[in-house]
Amino acid sequence: QVQLVESGGGLVQAGGSLRLSCAASGLTFSRYAMGWFRQAPVKEREFVVVISRRGGSTYYADSVKGRFTISRDNAKNTVYLQMNSLKPGDTAVYYCAASGRVGDLALPAFVRGVDYWGQGTQVTVSS
């Protein structure tokens, strides 16, 4: 059974930083592109970032480019999201996601190609 377990969420002031982690089990981690989505209250879930299977390529939403950094450790089956310069508009539940269907040269397809989801972790940025 595939499990994606997020951690690291919390409350932070605007301008602060948080680091999210997502530990995966039940799948061959290195065969999956991994990424993050988020969903704010009364809004649709939106794509944040994706990283390729070996970590050589990334694709970011414009809203987080330059502030967020995704990385992965295939030896630990874990993907990370370093979030800096946080804004109140970043407040949302952040979901880890995995796709075995998205190739390294087609990362934008991750938006509609998710195979597995985590349960989410709350990030709240106060002004």
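Throughout, residue positions are numbered sequentially from 1 according to the sequence presented.
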**Request:** Kindly indicate, with the supporting measurements, whether the criterion ring pair (Phe, Tyr, Trp, His ring centres under 6.0 Å) is fulfilled by Phe47 and Phe37.
**Result:** CA-CA 4 Å; Phe47 167 78; Phe37 289 72; 5.7 Å; yes

**Residues Asp104, Arg54: salt bridge by 4.0 Å N-O rule** = no

**Asked** Got Thr58 and Ser52 here, is their nearest side-chain heavy-atom distance under 4.5 Å?
**Response** no

**Fill in**
Rounded to the nearest 0.5 angstrom, the OG-CD distance for Ser126 and Gln13 is 5.0 Å

**Asked** Do Ser25 and Gln3 have side-chain heavy atoms sitting under 4.5 Å apart?
**Response** yes

**Face-on cation placement of Arg72 at Tyr80 ring, 6.0 Å and 45° thresholds** = no

**Message:** Under a 3.5 Å distance rule, please check whether Ser99 uses its side chain to pair with a backbone N or O of Arg101 as donor and acceptor.
**Reply:** yes

**Request:** Measure the spacing between CD of Gln119 and SG of Cys22 and express it to the nearest 0.5 Å.
**Result:** 11.0 Å

**Prompt:** Would you call the rings of Phe68 and Tyr94 parallel, tilted or perpendicular if under 30° counts as parallel and over 60° as perpendicular?
**Reply:** tilted

**Prompt:** Quick one: does Tyr60's side chain get under 4.5 Å of Ile70's, heavy atoms only?
**Reply:** yes

**Request:** Would you please classify the geometry between the Tyr32 ring and the Tyr116 ring as parallel, tilted or perpendicular, with 30° and 60° separating the classes?
**Result:** tilted

**Request:** Side-chain contact test, heavy atoms from C-beta onward, threshold under 4.5 Å: evaluate it for Phe110 versus Met34 and give yes or no.
**Result:** no

**Message:** Are the side chains of Leu107 and Ser57 in contact, using a 4.5 Å heavy-atom criterion?
**Reply:** yes

**Request:** Could you walk me through whether Asp62 and Lys65 pass the salt bridge (charged side-chain N to carboxylate O under 4.0 Å, His left out) test, one step at a time?
**Result:** CA-CA 5 Å; Asp62 287 344; Lys65 205 173 291 185; 3.0 Å; yes

**Prompt:** With distance as the sole test, does Arg112 use its side chain to make a donor-acceptor pair with the main-chain N or O of Pro108 at under 3.5 Å?
**Reply:** no

**Message:** Can you confirm whether Val102 sits close enough to Val50 that some side-chain heavy atom of one is under 4.5 Å from a side-chain heavy atom of the other?
**Reply:** no

**Request:** Quickly, which of Thr124, Val123, Thr91 forms a side-chain contact (heavy atoms from CB on, under 4.5 Å) with Leu11? Name it, please.
**Result:** Thr124

**Val93 and Arg38, any side-chain heavy atoms less than 4.5 Å apart** = no

